[in-house]
Amino acid sequence: MEYNIYCDESCHLPHDNSDLMVIGGISCPKDKAEYINKAIRNIKTVNGVYEFAEIKWTKVSMSKYKMYEELVDLFFDNTFLCFRAVVALNKSHLNYKKFHLSHDDWYQRIYFLTLREMIDIGHIYHVYVDIKDTKGSEKIDKLREVLNNVVGYFYEETVKNIQLLRSDQVQLLQLADLFIGAVSYSNRGLDSNPAKMQLIQHIEEVSGRSLKITSPKSESKINIFRWLPKEV
């Protein structure tokens, strides 16, 4: 079976006033992707939003709360959709020199931790990553190299491609941004936006799990892994 994985990230820069980074993604069977993309566009239209307007965590507000809650419910109503995120904590405690790493090296390792639990041998995967900056192509090439080194001889059969896409053009990337934003906001302990707090509460109630606790490995619908540097 073929799957698409739509990936995004939050607080991924080394000096961005946040002591954590979140990398995550939504997995969707390839033959169901267009159905979900159309469903997302329909939810926008019903709520008075242009179907190709970009939905983002940063835009969550009380005025459009109903739409964002419906998008969350769409995810939970479709059992074939799965979400995983790695919350990398204590960025300020990272000792790159000790382990002969750069920030980009560490970033790639967290990306690998995210994808590792989303990929099963015997299936085929297409990984789509939101374009964040001008170094996107370099990061993708490095990520492809990391996966290639790990999965070895079956790489070409398992991960067919890793591609950069613009989130404003792909509805499922926007849905991934929404869930990653919720995980980041929750784990950073922010509480200034009532709509975002309410949406996080809704996600936790429907899933039956906190976004601030590492999930059991057996949990596939929403799987959160909180990562700490070894020194902490």
Side-chain angles (χ1 to χ4, degrees), residues 1-10 22-47 49 51-62 64-87 114-115 117-120 123 125-130 165 167-187 193 195-225:
M1 189 166 180
E2 291 191 55
Y3 292 87
N4 292 348
I5 301 178
Y6 301 88
C7 299
D8 205 350
E9 58 209 24
S10 174
V22 179
I23 292 179
I26 286 179
S27 174
C28 176
K30 186 177 178 64
D31 62 358
K32 299 288 188 182
E34 185 52 35
Y35 162 74
I36 294 298
N37 283 327
K38 286 182 178 178
I40 293 172
R41 292 196 296 268
N42 183 61
I43 288 173
K44 292 179 187 178
T45 302
V46 169
N47 284 277
V49 174
E51 64 177 315
F52 293 109
E54 187 172 14
I55 53 172
K56 295 174 68 71
W57 175 255
T58 57
K59 295 181 179 180
V60 173
S61 64
M62 280 301 183
K64 291 298 178 184
Y65 177 80
K66 180 175 177 289
M67 178 184 73
Y68 285 102
E69 187 171 285
E70 288 177 4
L71 290 168
V72 167
D73 290 341
L74 174 70
F75 170 83
F76 285 105
D77 288 343
N78 289 277
T79 56
F80 54 80
L81 293 176
C82 296
F83 172 76
R84 173 171 166 81
V86 174
V87 182
T114 304
L115 290 172
E117 302 300 326
M118 302 180 78
I119 293 173
D120 291 322
H123 298 295
Y125 296 87
H126 307 269
V127 180
Y128 300 103
V129 179
D130 185 23
L165 292 177
S167 62
D168 60 351
Q169 298 174 355
V170 183
Q171 309 300 314
L172 271 159
L173 265 177
Q174 297 172 34
L175 190 62
D177 174 275
L178 188 64
F179 276 85
I180 290 164
V183 172
S184 178
Y185 197 88
S186 178
N187 280 273
N193 186 312
K196 291 180 178 179
M197 294 296 293
Q198 187 172 331
L199 195 60
I200 289 170
Q201 182 179 1
H202 181 66
I203 292 171
E204 292 182 333
E205 286 178 353
V206 177
S207 66
R209 299 195 179 278
S210 168
L211 298 183
K212 294 188 285 188
I213 298 175
T214 292
S215 310
K217 279 194 173 183
S218 59
E219 179 59 50
S220 60
K221 186 60 179 179
I222 285 197
N223 186 281
I224 309 292
F225 177 67

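Everything quoted here is computed from the prediction, not taken from an experiment.
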Point to revise | Check: Leu172 main-chain N/O paired with Asn37 side-chain donor or acceptor under 3.5 Å | key: yes
Exercise for review: Evaluate whether atom NZ of Lys212 has more than 12 neighbouring non-hydrogen atoms of other residues, nucleotides or ligands under 6.0 angstrom away.
Suggested key: no
Check your understanding: Roughly how far apart are Lys64 NZ and Ile55 CD1, rounded to 0.5 Å?
Key -> 12.5 Å
Check your understanding: Given Glu204 and Leu211, is the side chain to side chain contact (heavy atoms under 4.5 Å, CB included) satisfied, shown in steps?
Key -> CA-CA 7 Å; Glu204 292 182 333; Leu211 298 183; 3.8 Å; yes
Check your understanding: Which atom names give the shortest non-hydrogen contact between Ile180 and Ser10, and what distance separates them?
Key -> CG2-CB, 3.9 Å
Point to revise | pair Ser167-Glu54: side-chain heavy atoms closer than 4.5 Å | key: yes
Review point. Just wondering, do Tyr68 and Leu71 contact through their side chains at under 4.5 Å, heavy atoms?
Key: yes
**Study point:** Whether Asn223 side chain and Pro216 backbone form a donor-acceptor pair below 3.5 Å
**Key:** yes
Review point. Are any non-hydrogen side-chain atoms of Gln171 and Lys44 less than 4.5 angstrom apart?
Key: yes
Review point. What's the spacing between Leu173 CG and Ile5 CD1 if we round to 0.5 Å?
Key: 12.0 Å
Point to revise | Gap separating the CD atom of Gln201 from the CD atom of Glu205, nearest 0.5 angstrom | key: 4.5 Å
**Study point:** Any donor-acceptor N/O pair, Arg84 side chain to Thr114 backbone, under 3.5 Å
**Key:** yes
Practice item. Could you point out which residue of Leu175, Asp177, Ile26, Val22 forms a side chain to side chain contact (heavy atoms under 4.5 Å, CB included) with Asp8? Key: Asp177
Point to revise | Expected output: side-chain Tyr185 to main-chain Asn193 donor-acceptor under 3.5 Å | key: yes
Review point. Does the side chain of Glu70 come under 3.5 Å of the side chain of Asn47 through a donor N or O and an acceptor N or O?
Key: yes
Review point. Which atoms form the tightest heavy-atom contact between Cys28 and Phe80, and what is the distance?
Key: SG-CE1, 4.2 Å
**Study point:** Heavy-atom check, side chain of Lys221 versus side chain of Leu81, under 4.5 Å
**Key:** yes
Revision key, fill the gap. Note: Ala195 and Ser61 closest approach over all heavy atoms is CB-C, 3.4 Å
Check your understanding: Are any of the side-chain heavy atoms of Tyr35 and Asn78 separated by less than 4.5 Å?
Key -> yes
Check your understanding: Can you tell me how far CD of Glu51 sits from NZ of Lys38, rounded to the nearest 0.5 angstrom?
Key -> 11.0 Å
Check your understanding: How about Tyr6 and Gln174: do any of their side-chain heavy atoms sit closer than 4.5 Å?
Key -> no
**Study point:** Test item: Ile203 and Val183 side chains (from C-beta on) under 4.5 Å apart, heavy atoms
**Key:** no
**Study point:** Residue pair Tyr3, Asp120: steps toward the side chain to side chain contact (heavy atoms under 4.5 Å, CB included) verdict
**Key:** CA-CA 10 Å; Tyr3 292 87; Asp120 291 322; over 6 Å; no
Review point. Can you find a heavy atom in the side chain of Phe76 that is under 4.5 Å from one in the side chain of Ile222?
Key: yes
**Study point:** Heavy-atom pair of closest approach, residues Met118 and Gly25
**Key:** CE-O, 3.4 Å
Review point. Roughly how far apart are Glu69 CD and Gln198 CD, rounded to 0.5 Å?
Key: 6.5 Å
Practice item. Could you tell me the separation between the CZ atom of Phe75 and the SG atom of Cys82, rounded to the nearest 0.5 Å? Key: 6.5 Å
Point to revise | From CA spacing to verdict: side chain to side chain contact (heavy atoms under 4.5 Å, CB included), Leu199, Leu178 | key: CA-CA 10 Å; Leu199 195 60; Leu178 188 64; 4.1 Å; yes
Review point. Should the pair His126 and Tyr128 be assigned to parallel (<30°), tilted (30 to 60°) or perpendicular (>60°) ring geometry?
Key: parallel
Practice item. Please assess Arg209 against Ile224 for the test side chain to side chain contact (heavy atoms under 4.5 Å, CB included), listing each intermediate value before the final yes or no. Key: CA-CA 10 Å; Arg209 299 195 179 278; Ile224 309 292; over 6 Å; no
Review point. Where do Ile200 and Ala182 come nearest, in terms of heavy atoms and distance?
Key: CD1-O, 3.7 Å
